[in-house]
Amino acid sequence: MMVVIWGVVKFIVLLVLLSVYVLFMTWFDRKVIARMQNRVGPKLIGFHGLWQPLADTIKSFWKEDSIPRGSYRFLFWLAPIIFTTCAFAISFVVPFAPPIKIAGGVLHFSVVNINVAVLFVFAFLGLASFGVLFAGIASGGSKYPYIGSQREGAQMISYEIILALTLLNPILMSQSLNFETIVAAQTHHLWYAFYQPVAFVCYLIAMFAVSAKVPFDLPEAESEICCGYFVEYSGMKMGLFPFAQYIVLLVMSAIMVLMFLGGWTGPFWSGGFIAGFIWYWVKVAFFVFLFTWAWGTLPRYRYDQLMDIGWKILLPISVLNIFWTGFALSAHLPFF
Amino acid sequence: MSSSDIRTVELNMGPQHPSTHGVLRLILRINGEKIENIFPRVGYLHRGIEKLAENMTYQQFTPVTDRLDYVYSMNNNFAYASSVEKLLGVTDQVPERAQYIRVIVAELDRIANHLVWLATHALDIGAMTPYFYCMRERELILDMFEEISGARLLYNYVRIGGVAKDITPRFTDMLKEFVKIFPKRWKEYDTLLTKNRIWMKRTKDVAVISTEDAINWGLSGPSLRGSNMEWDLRKKKPYSVYPELEFDIPYYSEGDVYARYLVRMEEMLQSNRILEQCIEKIPDGPTMMDDFKKVSKPIKPPAGEAYGYNEVPGGELGFYIVSEGKNKPHRMKIRAPSFVHAYAIPFASKGYLISDVVAVIGSFDVVFGECDR
């Protein structure tokens with residue numbers, strides 16, 4: 001009983017924190033990109049426009065929620081729900097702070113601390129692409145959403161393979177699917193990014209592609225297919241898509257830090273909850289910022305080029321890399 | 001299953017679409033993402049400007065030419081004024097100072113147009129930041145135009161027989177400042193895009209047009225120069241004071257979107273070079289022919305025809321004017337580069353992907369005020 005109540009409390013806290021995070025991120029994104037482009041960004045509502053995201057949310061809730069004629073209403077409703085649920089689900093297993101020992105037990109800062117966490121993330125990430133596919137199909141023959149969802153579906157599926165293959169290396173090395181164990185394994189050695197530079201880079205690219213951000217933002221390319229799969233959505237139903245995307249973006253960055261950059265360990269001043277917490281969030285924040293940075297700098301790839309990069313370059317490299325890791329581990333090469 | 005069994009889909013791109021630059025409507029017939037065919041539909045901005053010309057005196061029509069391609073209005077004024085002067089046979093009598101001022105504003109406007117082109121072209125391909133950098137410099141040019149003509153978009157500054165007003169000392173200062181800083185600012189766009197891997201992947205070998213095809217489709221200006229054709233009316237059929245100025249014609253042999261991009265980028269620097277020389281060389285003197293100082297005084301060209309052409313940023317803009325000796329033209333035909341280029345879009349982008357269509361539209365720099373007239 002205690003476990004269930006504890007889980008619910010954690011769930012509610014996470015829900016609130018993630019919502020605040022997404023609101024803050026929309027402001028942060030706009031402010032940073034404005035700084036890069038000689039603009040001011042949101043300025044009027046609150047201190048430097050800090051309440052702007054809140055105002056946007058209120059607006060989204062009060063907007064007319066139109067459902068186009070000829071759309072499949074059930075799927076049309078279901079799509080944003082699936083997408084958001086899956087985004088939340090993957091955030092449940094990710095620890096957001098180092099565990100602390102209190103009163104004989106261990107307090108984990110994830111909603112559930114399961115032993116197959118990485119597998120769980122893949123499962124729900126795969127399911128999330130259904131939300132996008134449904135959004136495109138349910139829009140009732142509207143062609144731009146259809147093209148957008150096709151792109152997103154293909155992109156997510158092909159890059160999740162690469163994501164899984166690259167994450168297999170830290171899993172092989174730590175022999176665990178639990179994030180906290182993987183981080184603990186890295187405290188004994190160097191961070192896995194130094195053992196696995198190839199996997200690190202491949203994951204970095206795949207991370208951008210899976211969360212559909214520049215330069216891989218083809219599913220919602222505004223200048224080609226006018227925002228892609230959620231063209232026909234309006235009001236808060238539309239707001240849920242970017243909302244969930246921001247959460248996916250955070251989780252992908254968190255996984256990057258946990259799997260390759262030693263989570264809450266630092267090169268110096270490590271140990272202890274405060275130090276771990278700060279190290280962890282500094283690293284995660286860097287990757288979240290990286291998304292915004294790329295957004296302000298890079299053009300967009302073309303659909304076939306994206307597929308080429310995935311299937312012809314990244315996939316063979318990551319497969320070979322797994323063989324190398326397996327060989328190195330079984331042969332007990334130095335450092336492995 | 002043979003390829004004819006696969007259902008092709010018709011996709012409406014425009015008239016309200018972020019990258020059709022105004023009101024172009026393209027009906028794409030697509031197979032997956034591949035373009036099978038494109039049917040352009042133009043005319044959403046049709047105002048009957050050629051017909052309007054028949055009911056206006058020659059001077060009255062000058063402000064209407066602003067509305068052709070509203071991104072380079074100065075060049076439109078210039079082209080129209082020189083066409084009417086050709087019809088009147090007074091091309092040589094336009095004061096030297098006016099000629100220089102015309103070249104200055106035309107070249108400034110060329111830079112301003114290319115900045116808008118670069119901004120939107122980059123935005124279409126997904127790079128957002130160059131847009132704001134380009135607009136920052138365009139703002140400087142618009143401030144200069146405001147100083148001399150009072151307007152920021154539709155200037156009505158270059159008039160038949162000269163220019164409306166003399167340039168002010170403040171304008172000259174601003175111009176000197178601009179000429180100095182522009183190459184540095186140009187470098188910023190260049191570093192963001194030219195050697196960018198993604199940019200090159202998106203633009204190289206896309207929409208390749210051979211020299212022969214480019215000529216057959218009637219392309220002109222930078223779009224023609226991207227296809228290995230050294231053709232610039234400022235050099236090949238010199239007008240105004242261009243023969244006295246030193247500049248190169250950039251041209252590239254690849255014929256793809258990237259080549260056209262390089263041509264336009266290079267042209268901005270060449271225009272800057274022309275401006276530098278104009279600041280040095282501009283003489284003192286009147287800025288308007290005495291005959292045309294009064295706008296109310298009717299112009300009555302002798303019966304006959306004349307075709308005046310200018311190298312505007314988009315290509316060759318020509319005015320074919322037929323006069324019957326009255327104060328209004330009998331007939332006026334405008335050769336608009338945008339119209340020609342709009343109809344080369346299907347040819348250029350057949351067999352490529354949807355993403356390439358927006359790159360092609362951007363690379364031709366079509367503006368629909370001029371295309372639809």
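Everything numeric in this text was worked out from a predicted model, so none of it was measured.
Looking at A:Asp304, both its backbone and its side chain come within 4.5 Å of chain B, counting heavy atoms on both sides. Contacts of B:Met135 with chain A are absent, with no heavy-atom separation under 4.5 Å from either backbone or side chain. At a 4.5 Å heavy-atom cutoff, the contact between B:Asn196 and chain A is made by side-chain atoms alone.
When side chains are defined from C-beta on, A:Arg302 does not count as touching B:Lys201, because their heavy atoms never get closer than 4.5 Å. B:Arg202 has its side chain within reach of A:Gln305: a pair of non-hydrogen atoms, C-beta onward, lies under 4.5 Å apart. Two residues are said to be in side-chain contact when any heavy atoms from C-beta on lie closer than 4.5 Å; A:Lys143 and B:Val9 meet this criterion.
No other option in B:Met13, B:Glu10, B:His17 has as many heavy-atom pairs under 4.5 Å with chain A as B:His17. Comparing B:Val357, B:Leu123, B:Asp356 by how many heavy-atom pairs each has under 4.5 Å with chain A, the most go to B:Asp356. Comparing B:Leu11, B:Val358, B:Asp124 by heavy-atom pairs within less than 4.5 Å of chain A, the highest count is held by B:Leu11.
Within 6.0 Å of CD in B:Gln16 there are 12 or fewer heavy atoms belonging to other residues, nucleotides or ligands. Other residues, nucleotides and ligands contribute only 12 or fewer heavy atoms inside 6.0 Å of the CZ atom of A:Arg73. Counting heavy atoms of neighbouring residues, nucleotides and ligands inside a 6.0 Å radius, atom OH of A:Tyr303 exceeds 12 of them. Shown here is B:Tyr343, whose OH atom has more than 12 heavy atoms of other residues, nucleotides or ligands within 6.0 Å. Counting non-hydrogen atoms of other residues, nucleotides and ligands closer than 6.0 Å to CZ of A:Phe130 gives a total of 12 or fewer.
The residue from B:Ile198, B:Thr129, B:Leu192 that alone fulfils the side chain to side chain contact (heavy atoms under 4.5 Å, CB included) condition with A:Thr297 is B:Leu192.
Note that the CG atom of B:Asn12 and the OH atom of A:Tyr144 stand 7.0 Å from one another [nearest 0.5 Å].
Under the 3.5 Å distance criterion, the side-chain polar atoms of B:Arg136 are left unmatched by any main-chain donor or acceptor of A:Asn38.
Both cation-pi conditions hold for A:Arg39 and B:Phe132: the charged atom is under 6.0 angstrom from the six-membered ring centre and inside a 45 degree cone around its axis.
Among residues two or more places apart in sequence or in another chain, the side chain to side chain contact (heavy atoms under 4.5 Å, CB included) test is passed with A:Ser142 by A:Ser139, A:Pro145, A:Glu232.
Scanning all heavy atoms of the two residues, the minimum distance from A:Arg151 to B:Ser355 falls at NH2-OG, 3.3 Å.
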